[in-house]
Participant: 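Have a look at this one.
Residues: numbered from 1 along the sequence shown.
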Amino acid sequence: MFKGASLTAVLIGALLAVCLVVKVLEWRTFHSIQTDFGGAAGKKSFRSLRAASQDDAPDDGGLADKLAPGFETPSPRPLPVFPTPPEGRHQDCVKHKYDLSTLPRVSLVIPYLKETWEHMSKTTASMLAYTPMEIVDEILFVDDGNEPDWQFHDQLTSLHPKVKVHRNEERQGLIKAKVTGAALIKSEVIIFMEPHCIVMHQWAEALLERLAVSKSNKNLLVMPLIDIIPEENFAEYRVANHHIGGFDWSLSFNWMELIEKRNKSYHYPDPYPTPALSGGIFAIWRDSWERMGTYDTNMTEWGGEHIELSLRTWRCGGRIEIVPCARMGHVFRARNPYVVHSTEVIRNQNRAALVWLDEYADKYFQEVPYARGIDAGDVTERRLLKERLNCKPMDWYIDNIYPELRGKQPRKR
């Protein structure tokens with residue numbers, strides 16, 4: 001009897017520990033970039049934005065002065081007023097002229113679940129105002145099984161004719177919702193976005209130009225510099241610095257070194273390589289997305305997919321870059337507004353570890369010992385994909401892309 005009670009206590013303790021990990025993942029990410037401002041970007045941090053109206057008043061809030069070429073306010077509904085971010089870009093970015101005729105056509109895919117209308121409307125308004133819509137085929141929101149009060153279909157589609165909504169009748173989870181949305185669009189490039197962001201001028205042009213001038217590597221994946229919108233105040237914007245993304249052996253993401261410290265010859269604001277994606281905001285050629293295996297669709301809900309995609313991209317002939325001329329603010333939340341089952345997060349990470357860490361998988365299970373008791377499911381398909389793509393071993397990734405994993409990692413938690 002006492003042995004059974006002891007085992008139960010251990011299992012409960014392990015599950016509580018997993019829950020705690022999930023709840024603090026995004027908060028740690030937020031904290032890590034918030035506490036290391038510096039250089040030209042840091043001097044502009046903590047600048048408050050104009051308070052944003054939460055009603056649907058007909059006044060456009062001076063929107064006409066913000067609009068990107070190719071956009072006209074759709075009638076009869078004006079865009080919601082949104083906070084105007086401070087100019088955090090380098091002057092070379094501000095002065096740069098983009099030739100839209102040379103840029104690939106793009107669609108945006110944005111899954112959402114239990115997001116507030118305030119965040120979604122202002123995210124959309126900033127994208128419409130600061131994105132040249134003549135190169136955008138559609139902005140596709142994926143309603144991932146929301147209840148009626150959280151759907152906002154009519155409100156979204158009324159903002160612009162190119163704003164569309166696809167509904168999943170049942171929740172698929174963030175990972176599968178992105179795969180579903182991407183399969184519905186036909187543009188050359190997909191930009192995966194999130195519904196709690198404010199974009200800056202020319203954010204999309206900078207990403208698309210980088211893809212266009214790097215056609216020799218069709219497996220290039222690019223992401224913007226991510227600034228901070230505090231969770232408690234969507235009308236505040238904090239300009240972040242130029243970190244690389246990384247992770248430790250628990251496969252938990254964190255912002256690591258400044259690129260200027262890691263590469264002494266780096267010249268800001270050039271695009272720079274990053275070992276890992278911070279999350280779900282990035283641009284990729286659609287044919288590369290499909291050829292490289294999209295996401296692991298046997299991962300569920302949320303978590304682990306960005307580390308899996310990072311390892312797969314670098315090791316299977318691709319490259320990940322951060323483009324400093326593309327900037328946006330993002331809300332880093334202490335917890336998700338929807339239920340995330342902690343065992344599913346660990347299951348996702350187990351799948352990534354078993355497929356991609358090779359002989360280093362034991363390091364993951366040493367860091368996350370309770371993961372040994374969670375079944376990862378069948379990973380045969382993903383191992384066959386790894387073989388078909390002729391991917392390089394984990395040793396190559398550590399030696400050439402992320403040597404910090406061999407020693408004491410900067411910013412290790």
Side-chain angles (χ1 to χ4, degrees), residues 48-68 70-86 106-133 136 138-168 174 177-178 181 191-201 203-204 224 226-237 280-281 327-333 336-338:
S48 295
L49 306 186
R50 174 174 55 83
S53 170
Q54 296 186 35
D55 57 29
D56 289 324
D59 178 17
D60 72 357
L63 182 63
D65 295 332
K66 305 176 184 178
L67 297 181
F71 177 83
E72 294 181 0
T73 305
S75 179
R77 184 182 179 89
L79 285 182
V81 176
F82 64 91
T84 304
V106 63
S107 287
L108 283 63
V109 175
I110 312 172
Y112 69 101
L113 179 62
K114 286 193 173 180
E115 297 283 344
T116 67
W117 176 241
E118 179 193 6
H119 286 180
M120 292 185 68
S121 63
K122 290 172 171 54
T123 298
T124 310
S126 75
M127 290 190 299
L128 291 172
Y130 292 156
T131 309
M133 294 303 290
V136 175
E138 60 183 304
I139 298 175
L140 179 63
F141 283 89
V142 181
D143 170 358
D144 193 27
N146 282 286
E147 296 176 356
D149 288 348
W150 299 91
Q151 292 177 7
F152 310 121
H153 293 187
D154 291 341
Q155 295 97 314
L156 285 167
T157 55
S158 69
L159 294 176
H160 193 279
K162 292 186 178 181
V163 176
K164 312 291 184 183
V165 178
H166 170 79
R167 173 165 171 78
N168 297 331
L174 177 69
K178 287 185 176 182
I191 296 180
F192 291 101
M193 266 288 292
E194 295 185 1
H196 36 264
C197 300
I198 296 291
V199 303
M200 281 194 179
H201 283 284
W203 71 283
I226 307 293
D227 296 322
I228 302 164
I229 299 175
E231 183 176 15
E232 68 278 4
N233 184 4
F234 200 67
E236 189 175 339
Y237 194 106
I281 301 175
R327 300 192 79 118
M328 68 176 65
H330 172 265
V331 177
F332 290 93
R333 298 184 288 209
N336 292 311
Y338 45 82

Participant: Side chain to side chain donor-acceptor pair (under 3.5 Å) with Ser121: which residues, sequence neighbours excluded?
Facilitator: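 If we apply the side chain to side chain donor-acceptor pair (under 3.5 Å) test to Ser121, skipping adjacent residues, there are no hits.
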Participant: Looking only at heavy atoms, what is the nearest atom pair of Met193 and Val199, with distance?
Facilitator: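 Taking Met193 first and Val199 second, the nearest heavy atoms are CE-CG1, 4.2 Å.
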Participant: Taking side chain to side chain donor-acceptor pair (under 3.5 Å) as the definition, give me every residue that meets it alongside His166, ordered by chain and number, with sequence neighbours left out.
Facilitator: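 Only Asn168 meet the side chain to side chain donor-acceptor pair (under 3.5 Å) criterion with His166.
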Participant: Under the rule for ring pair (Phe, Tyr, Trp, His ring centres under 6.0 Å), what residues qualify as partners of Phe192, not counting sequence neighbours?
Facilitator: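 Result, ring pair (Phe, Tyr, Trp, His ring centres under 6.0 Å) vs Phe192: Phe282, Trp289.
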Participant: Sequence neighbours excluded, which residues qualify as side-chain contact (heavy atoms from CB on, under 4.5 Å) partners of Ile139?
Facilitator: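 Leu108, Ile110, Met127, Leu128, Met133, Val136, Phe141, Val163.
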Participant: Glu138: which residues meet the side chain to side chain donor-acceptor pair (under 3.5 Å) condition with it, sequence neighbours left out?
Facilitator: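 Scan of Glu138 (side chain to side chain donor-acceptor pair (under 3.5 Å), adjacent residues dropped) gives none.
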Participant: Measuring from atom CD of Glu115 to atom CD of Gln151, what distance do you get when rounded to the nearest 0.5 angstrom?
Facilitator: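 Glu115 CD to Gln151 CD: 14.5 Å, rounded to 0.5 Å.
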Participant: Please examine the side chains of Asp227 and Pro85, heavy atoms only from C-beta on, and report whether any two atoms are closer than 4.5 Å.
Facilitator: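 Heavy-atom side-chain distance check fails, nothing below 4.5 Å.
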Participant: Would you say the side chain of Pro195 lies within less than 4.5 Å of the side chain of Phe152, judging by non-hydrogen atoms?
Facilitator: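 In short, these two side chains do not touch, never coming nearer than 4.5 Å.
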Participant: Would you compute the distance between atom CZ of Arg327 and atom OH of Tyr237 and round it to the nearest 0.5 angstrom?
Facilitator: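 If we round to the nearest 0.5 Å, Arg327:CZ and Tyr237:OH are 6.5 Å apart.
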Participant: For residues 141-150, which residue pairs qualify under salt bridge (Lys or Arg N to Asp or Glu O under 4.0 Å), counting only residues two or more places apart or in two chains?
Facilitator: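 Applying salt bridge (Lys or Arg N to Asp or Glu O under 4.0 Å) to every pair that reaches into residues 141-150, excluding sequence neighbours, yields Asp143-Arg167.
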Participant: Kindly compute the distance separating OH (Tyr130) from OG1 (Thr84), expressed to the nearest 0.5 Å.
Facilitator: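 That separation rounds to 4.5 Å.
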Participant: Are the side chains of Tyr112 and Thr123 in contact, using a 4.5 Å heavy-atom criterion?
Facilitator: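 No. Closest side-chain heavy atoms not under 4.5 Å.
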Participant: Tell me the closest heavy-atom pair linking Leu79 and Leu159, and the distance in Å.
Facilitator: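 Shortest heavy-atom separation between Leu79 and Leu159 comes out as CD2-O, 3.9 Å.
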Participant: To the nearest 0.5 Å, what is the distance between NE2 (His160) and OG1 (Thr131)?
Facilitator: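 The NE2 atom of His160 sits 10.0 Å away from the OG1 atom of Thr131.
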Participant: I'd like to check Val142 versus Lys178 (side-chain heavy atoms, cut-off strictly below 4.5 Å). Are they in contact?
Facilitator: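 No, too far: nothing below the 4.5 Å cut-off.
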Participant: Are side-chain heavy atoms of Ile226 and Met328 found at a separation under 4.5 Å?
Facilitator: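 Yes, at least one pair of side-chain atoms sits under 4.5 Å.
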Participant: So, do Met120 and Gln155 sit near enough that their side-chain heavy atoms are less than 4.5 Å apart?
Facilitator: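 Side-chain contact under 4.5 Å: no.
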Participant: Quick one: pull up SG in Cys197 and NZ in Lys122 and give me the separation to the nearest 0.5 Å.
Facilitator: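 The distance works out to 14.5 Å.
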Participant: Answer whether the closest heavy-atom distance between the side chains of Leu140 and Ser107 falls below 4.5 Å.
Facilitator: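 Not in contact.
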Participant: What's the shortest heavy-atom distance between Glu118 and Phe234, and which atoms?
Facilitator: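 For Glu118 versus Phe234, the nearest heavy atoms are OE2-CB, 4.1 Å.
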Participant: I'd like to check Leu174 versus Leu113 (side-chain heavy atoms, cut-off strictly below 4.5 Å). Are they in contact?
Facilitator: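 Leu174 vs Leu113: side chains apart.
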